[in-house]
Amino acid sequence: MTTLFRLDASILPPTSSSRALADLVEAEWLSTHPTSDVVRRDLSADPIPATAWADAVTSNFTPAADHTDGQRAARALAAELADEMIDADALLFAVPLYNYGVSQHFKTWFDVAYTDPRIDPQGTALRGKPATLVTVLGGNYAPGTPKEGWDHSTAWLRRVLEDVWGLDLRVVERPFTLVGVNPALDAFADVAADLKQTAETHAVRSGREIAGLAASAAS
Ligand SMILES: Cc1cc2nc3c(=O)[nH]c(=O)nc-3n(C[C@H](O)[C@H](O)[C@H](O)COP(=O)(O)O)c2cc1C
């Protein structure tokens, strides 16, 4: 039996564009692996406590016998987060842009997971694992746009997932999700529709790819 690990970071699940795209990836996964488990980590419903990261880090400078309850809990949480990924055959992350930067829920989750020795700076347990990152942006920060360079999330996400953890990563990006929501962006309806269509095509393709890679690895 295969397992897909899926993380969602949208704080507005009922209207979430990142969830809709991740659903397409998941559906493709399940069409290849119909009996697969999907292990879900919903950071909106169940955020990682903000104190966990410092507790996990400082526990490394304290003898185990002297760990506080908070440090013990943080180490156990880090192991649980790492286990969810290490035990999965493929990984799916759906992460919006908030305030021009990385979702704080995702950053806290990453920081805590990254204290686990199996996936810390020396750890290699995730290398080569098939993965998809879905990232959605309310605006559009493409080259030539007025706010080019203001998306300080996507490059960091790519850096830590692809270069630090060594995932075999596909990135599905949908800009302009606020077109149709914010009337100031009404002039961009056509381009936003094209971008949505392209993102959906990429989501389906990437779901098929990670499903195929996991199937080959299992056979
Ligand atoms: C609190 C908040 C802050 C946001 N900040 C930005 C931003 O800085 N830049 C941007 O392009 N979109 C921003 N957005 C828009 C979201 O990126 C956009 O609505 C996205 O689709 C949210 O993801 P979701 O649809 O999966 O919930 C923000 C949205 C919220 C709710």
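- Residue Leu21 is not grouped with residue Val171 when hydrophobic side chains (ILVMFWY) are merged at heavy-atom distances under 4.5 angstrom, including chains of intermediate members.
- Looking at every heavy atom in both residues, Ala56 comes nearest to Thr115 through CB-OG1, 3.6 Å.
- Under the 4.5 Å side-chain contact rule for hydrophobic residues, Leu91 and Val164 share a cluster.
- Taking each heavy atom of Ala113 and Met85 in turn, the nearest pair found is CB-CE, 4.3 Å.
- Rounded to the nearest 0.5 angstrom, Arg159 CZ and Thr154 OG1 are separated by 13.0 Å.
- In this structure, Thr32 and Ala215 approach most closely via the heavy-atom pair CG2-CB, 4.5 Å.
- Listed by first and then second residue, the salt bridge (Lys or Arg N to Asp or Glu O under 4.0 Å) pairs that reach into residues 62-71 are Asp69-Arg72, sequence neighbours excluded.
- For the pair Leu92 and Val134, the minimum side-chain heavy-atom distance is below 4.5 Å.
- Following chains of ILVMFWY side-chain contacts shorter than 4.5 Å, one cannot reach Leu169 starting from Val172, and the two form parts of different hydrophobic clusters.
- With sequence neighbours excluded, the residues satisfying ring-ring contact (aromatic ring centres under 6.0 Å, His included) with Phe93 are Trp109.
- Taking the charged nitrogens against the carboxylate oxygens, Glu26 and Arg40 do have a contact shorter than 4.0 Å, which makes a salt bridge.
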Expected list for residues 75-82: side-chain donor-acceptor pairs under 3.5 angstrom, two or more places apart:
residue : atom : partner : partner atom : Å
Arg75   : NH1  : Ser59   : OG           : 2.7
Arg75   : NH1  : Asn60   : OD1          : 3.1
Glu80   : OE2  : Arg41   : NH2          : 3.0

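- Ion pairing of Asp37 with Arg6 is absent here, as no side-chain N (NZ or NE/NH1/NH2) approaches a carboxylate O to less than 4.0 Å.
- Annotation for Asp168 and Leu213: closest pair OD2-CD1, 3.6 Å, computed over non-hydrogen atoms.
- At a threshold of 4.5 Å between non-hydrogen side-chain atoms, the residues Ser44 and Pro13 count as touching.
- Considering only residues two or more places apart in sequence or on other chains, Phe188 meets the ring-ring contact (aromatic ring centres under 6.0 Å, His included) condition with Phe176.
- Residue pairs meeting the side-chain hydrogen bond (donor to acceptor under 3.5 Å, both in side chains) criterion with at least one member in residues 116-132, sequence neighbours excluded, are Asp83-Arg118, Asp116-Arg118, Thr132-Ser206.
- Closest heavy-atom contact between Ala52 and Val112: CB-CG2, 3.9 Å.
- Considering only residues two or more places apart in sequence or on other chains, Ser18 meets the side-chain hydrogen bond (donor to acceptor under 3.5 Å, both in side chains) condition with Ser16.
- In terms of the side-chain hydrogen bond (donor to acceptor under 3.5 Å, both in side chains) criterion, Asn182 has no residue partners (sequence neighbours excluded).
- With Tyr141 contributing its side chain and Pro175 its backbone, the two residues share no donor-acceptor pair below 3.5 Å.
- Among residues two or more places apart in sequence or in another chain, the ring-ring contact (aromatic ring centres under 6.0 Å, His included) test is passed with His33 by Trp29.
- The two residues Leu12 and Ser10 come nearest to each other via the heavy atoms N-OG, 3.1 Å.
- Residue pairs satisfying the salt bridge (Lys or Arg N to Asp or Glu O under 4.0 Å) criterion with at least one member in residues 86-110, sequence neighbours excluded, are listed as follows: Lys107-Asp111.
- Between Trp53 and Phe110, the distance separating the two ring centers is not shorter than 6.0 angstrom.
- Inter-residue side-chain proximity for Val95 and Leu157 is flagged as met; some heavy-atom pair is nearer than 4.5 Å.
- Side chain of His202 to main chain of Glu173: no donor-acceptor pair is present (N/O by atom type, distance under 3.5 Å, no hydrogens or angles).
- In terms of the side-chain hydrogen bond (donor to acceptor under 3.5 Å, both in side chains) criterion, residue partners of Thr58 (sequence neighbours excluded) are, by chain and number, Gln71.
- Panel note: side chain Ser36, backbone Thr2; a donor-acceptor pair is recorded below 3.5 Å.
- Within the 3.5 Å criterion, the main-chain N or O of Ala142 finds a donor-acceptor partner in the side chain of Asn140.
- Residue pairs meeting the side-chain hydrogen bond (donor to acceptor under 3.5 Å, both in side chains) criterion with at least one partner in residues 208-219, sequence neighbours excluded, are Glu28-Arg208, Arg170-Glu209.
- Annotation: side-chain hydrogen bond (donor to acceptor under 3.5 Å, both in side chains) contacts of Gln197 (sequence neighbours excluded): none.
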